[in-house]
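Worksheet: one structure, shown below.
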Amino acid sequence: MDTMQITVNGQSRAIADGLTVADLLKELAVAVPHVAVEVNRDLVPRARHAQTELKSGDALEVVTLVGGG
Amino acid sequence: MEPEITRLAQPFTTVDDPLQLGTHTLQSRLIVGTGKYASYELMGEALDTSGTDCITVAVRRDRLIDADGKNLIDAIDTSRYTLLPNTAGCFSAEDAVRVARLGREILLGLENSGADWVKLEVLADTRTLLPDPVATLRATEQLVAEGFQVLCYSTDDPVIARHLKEAGATSVMPAGSPIGSGQGVLNPNNIRICLEYLKENDPDYPVIVDAGVGTASDVTVAMELGVDGVLLNTGIAHAGVPVSMARAMRLACDAGRLAYLAERIPKKLYATASSPDEGVISLKPR
């Protein structure tokens, strides 16, 4: 299986070619309703996770809510 | 000019108009943060005791390591509280706009009514955590254009407060003193001028004191000045007994609000006797 390098929350990561945002979230075992995702500083709305294919070198942010003031 | 005052329905009760912030109607005039609690259990009890119906949350990278770890979202009843996502930790307008969009995306997923607003914080440096007024103004313009209701954390400078309102801010939230400093309202005169500027010909425009509250009397002082609400976090979360402090803050908010609506007496240099002058049997000194 061919892999490519992306960055997730500042950490480099090898993933399979052709993975979508939805596939990656599944692989990361993230609670999808609790997170929001950016690819290369642009928000990817939930409705587009399944059709947004990742490319080599993409930088993702997967964020959630934490306590704050 | 006589101030516009909403009378209480009945004296000696805490019956009051709700706090209107844009399209959001809040029953409590305290907005309480969810940061820095020793445990989620303690946080839940303190929030409940504070009487608040609106709580702030921050947006951070998911840790992606402990899928079984309890998330804040699991710990709060998102149907009970309106969440107010903040942009804390942002030092540029661009990053604040990104974080606001991310927060909205999460809240949309939670179907929480707070998805359409944001507590905008654009900070200047890590030591003071003072807001960067220029970047805050730029981010406000951008977020308003994107349809957000923007609650702006600001300095207590009345001029920048006016600019933020003109840029479309739903509320301006001047700091009483630096975030987490517990110094209370350091410059009540500036808050008073902010209120004059922001409420001139627009008495219902909401002004919130955000940051610096250390103890209950700080909340009362702010509310007595005529602000519409107080946003606080550390004052409760880091108190020795947070749940007791949450109750104190709630009572202090009501006390300050009632005192404001009751119209305090003016301060005078000399005494005014409370007992009648007439019929005194004693001789007066000269």
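This one's a predicted model, so the numbers in the text were calculated from it and none came from an experiment.
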> So, does A:N9 use its side chain to make a donor-acceptor pair with the main chain of B:L64 at under 3.5 Å?
Replying inline: no
> Quick check: does any side chain N or O of B:E105 sit under 3.5 Å from a backbone N or O of A:R46, one acting as donor and the other as acceptor?
Replying inline: yes
Side chain, backbone, both or neither: which part of [X] has an atom under 4.5 Å from a heavy atom of chain A?
| X | result |
| --- | --- |
| B:L84 | neither |
| B:I55 | neither |
| B:K119 | side chain |
| B:D210 | neither |

>> Counting only heavy atoms from other residues, nucleotides and ligands, does the tally under 6.0 Å from CZ of B:R80 exceed 12?
In response: yes
> Just wondering, more than 12 heavy atoms not from B:E111 lying within 6.0 Å of its CD?
Replying inline: no
> B:I106 and A:V63: side chain to side chain contact (heavy atoms under 4.5 Å, CB included), yes or no, with the steps?
Replying inline: CA-CA 9 Å; B:I106 298 173; A:V63 299; 4.1 Å; yes
> Can you tell me how far the CZ atom of B:R61 sits from the CD atom of A:Q11, to the nearest 0.5 Å?
Replying inline: 8.5 Å
>> Measuring from atom NE2 of A:H34 to atom CG of B:N71, what distance do you get when rounded to the nearest 0.5 angstrom?
In response: 5.5 Å
> Taking all atoms of both residues into account, what is the closest heavy-atom pair of A:G67 and B:A58, and its distance?
Replying inline: O-CB, 4.0 Å
Quick one: which of [options] has the most heavy-atom pairs under 4.5 Å with chain A, could you say?
| options | result |
| --- | --- |
| B:R98, B:R104, B:E121, B:E94 | B:R98 |
| B:V59, B:L110, B:T56, B:D95 | B:T56 |
| B:D74, B:L107, B:I76, B:V57 | B:V57 |

>> Can you tell me which residue among A:V35, A:V37, A:L43 is in a side chain to side chain contact (heavy atoms under 4.5 Å, CB included) with B:L102?
In response: A:L43
>> If you count heavy-atom pairs within less than 4.5 Å of chain B, which of A:P45, A:A36, A:G68, A:P33 leads?
In response: A:G68
> Side chain, backbone, both or neither: which part of A:L65 has an atom under 4.5 Å from a heavy atom of chain B?
Replying inline: both
